[in-house]
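Data first, discussion second: the structure below is written as structure tokens.
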Amino acid sequence: MRTSRVAAVSAALLITGGLLAACGSDDDGSVGGADRELVLAVGGESAEGYDPTLGWGRYGSPLFQSTLLVRNADLSVGNDLATGYQVSKDGLTWTVDLRTDATFTDGTPVTAEDVVYTFSTAAKSGGLTDVTALKSAEVVDEDTVALHLKQPQSTFINRLISLGIVPEAAHGEGYAAAPIGSGPFKLVHWERGQQLIVERNEDYYGTAPSFDKVTFVFFDSEDAALAAAQAGEVDVVGVPSSLAGSTVQGMSVQAITSVDNRGMSLPTVPAEGKKSPSGAPIGNDVTSDVAVRRAMNIAVDREKLVDGILEGYGTPAYGPADAAPWFAEETVVDDADLDGAKKLLDEAGWKDGDGDGVREKDGVKAEFNLLYPAGDTLRQGLALSLVDMVKPLGITITTAGRSWEEIEKAQHTDAVLFGWGSHDPTELYNLLHSSKAGVEMYNPGYYANAEVDAELDAAQAARSQDEAIEHWQQAQRTDDVPWVWLVNLEHTYFVSDCLDIGTPFIEPHGHGWPITAGLANWKRTC
């Protein structure tokens, strides 16, 4: 909502006032009072703090901590704390060689013991970084560790990429609010809900960042963040596509490719009185008909959704990982095909027998609910557009904004507009494997396909990502449509014309600070 501009500006100045009084804009237009300081408004404050063993860093670079491996801008994998790794023939042991010149910001060296401690702690913590495949970790010698798995898991490489290493001696109560790590930056002050100040780690073993200090400012609204940019008080501000058409003097919009998508989950089993392990009802007699799902999949006009809802900042989505190497191109369909969709429904026996504009079959009307998180205007817009797009088919969708708690209770009976998008193909496994039905929000539609399960299992059992890719792709080559994928978002930012952020990294679902993955390479240009 963009009606309260005065309130937005007031909020921006109130939150940043103390900071900006000390380091306002220079005459040359640079922000932060010096060429070597940055001010960012990109959201992503972690309410739980910055402890990797509890999940910090799973959506991008942990910033304060180093990881064993890193994901490059093109999604390839490179070394960080590791100088190399090997996987045993049975896929159960990952042996990692470590560099010996890394130190934590408290001056202590990063050791093999710290790596073993980090992985063991993360596996036991039950945090959001899934290390449950780890059976044990051991120190082989001073610069080598062995990570033993319970079963082969090709996606375990993503734990080496996302899990920041913490110092065993300094990891305890209070660590999440004052982390010690060996990354390119160190946290020096965190004022919850207001700002977080980080400084360059002068002892960092990698390429030294060009900025001495980076301040993250947090706003209550997107309008307030934009107002701060228009006042010349930030170098980078993240905005939704609906605000990307605004004018901000001295800044330009950068649209960054992401795997951040939006799609509609559909219950794939009929309503037979069954319930999930949590007691939620299961099944929908309309969407369980594959013809209904197929019809909607080809009727949706994805280009129109991109242009109308995303303001052009995105692409049509046909799967959960369109920009990733494991995406199956064969899942791309010729959409906006109302005639083809109507034919599918006719052939499946869905007819409008009473002339009310809604098809029925065996006494069941082609009607269902579509839920989205209340307050999410983008998903609301997509949902309302879907109503209009399927209405000519004789299908009626009723939309409703609900709390996540309410959605979780209804997700097995109603369609839900979800957002996903990860650098880790484990997400594909979670969304499609029958074993994940009823587990959290992964496979809400209770989709089950034995051939898909077999391919997903084979992908996980592979010894390398390259070996796994064919299985990941094959798992997507089905036409039973458990999800109708809609759009991939481009993440939009206003970036100072005096700031070079280099080659942007392909970004995951927009939690955390995905744009900061390349922060160490950013440079002031004027």
For E191, does the CD atom sit with more than 12 other heavy atoms under 6.0 Å from it, leaving out its own atoms?
-> yes
Quick one: are the ring centres of W472 and F327 less than 6.0 Å apart?
-> no
Quick one: does V495's side chain get under 4.5 Å of I501's, heavy atoms only?
-> yes
Check: L370 main-chain N/O paired with D414 side-chain donor or acceptor under 3.5 Å = no
Taking the side chain as every heavy atom from C-beta outward, state whether K304 and M389 have any pair of such atoms under 4.5 Å apart.
-> yes
For A229 and V248, which heavy atoms make the closest approach, and how far apart are they?
-> O-CG1, 3.5 Å
Measure the shortest side-chain to side-chain distance between Y442 and F418 over non-hydrogen atoms and say whether it is less than 4.5 angstrom.
-> no
Would you say Y175's side chain and I180's backbone share a donor-acceptor pair under 3.5 angstrom?
-> yes
Should the pair R58 and W56 be classed as cation-pi, given the thresholds of under 6.0 Å to the six-membered ring centre and 45° from the axis?
-> no
So do the side chains of R159 and D424 get within less than 4.5 Å of each other, counting heavy atoms only?
-> yes
Please determine, by modelled atom types, if T103 and D203 share a side-chain donor-acceptor pair under 3.5 angstrom.
-> no
Flag the pair L266 / V484 as yes when at least one side-chain heavy-atom distance between them is below 4.5 Å, and no otherwise.
-> yes
Side chains of L499 and V236: does their closest heavy-atom pair fall under 4.5 Å?
-> yes
Report, as yes or no, whether the 6.0 Å neighbourhood of atom CD on E405 holds more than 12 heavy atoms from other residues, nucleotides or ligands.
-> no
Between Y85 and W94, ring centroids under 6.0 Å = yes
N201 side-chain N/O to G183 backbone N/O, donor-acceptor pair under 3.5 Å | yes
Hey, what do you get for CH2 (W522) to CZ (F211), rounding to the nearest 0.5 Å?
-> 8.5 Å
Distance-only, no hydrogens or angles: does the S258 side chain make a donor-acceptor pair with backbone N or O of L489 under 3.5 Å?
-> yes
N158 and its side chain to side chain donor-acceptor pair (under 3.5 Å) partner, picked from R71, Q465, Q153, E427 = R71
Contact check, side chains of V77 and N72, non-hydrogen atoms, under 4.5 Å | no
Charged N-O contact under 4.0 Å between R262 and D260 = yes
Please check if any side-chain donor atom of Q460 sits under 3.5 Å from a side-chain acceptor atom of T155, or the reverse.
-> yes
Report the C-alpha distance between D500 and K523 in whole Å, list the side-chain angles of each, state the deciding distance to 0.1 Å, and finish with yes or no for salt bridge (Lys or Arg N to Asp or Glu O under 4.0 Å).
-> CA-CA 5 Å; D500 177 7; K523 293 178 174 61; over 6 Å; no
Compare all side-chain heavy atoms of F505 with those of T516 and state whether any distance is below 4.5 angstrom.
-> no
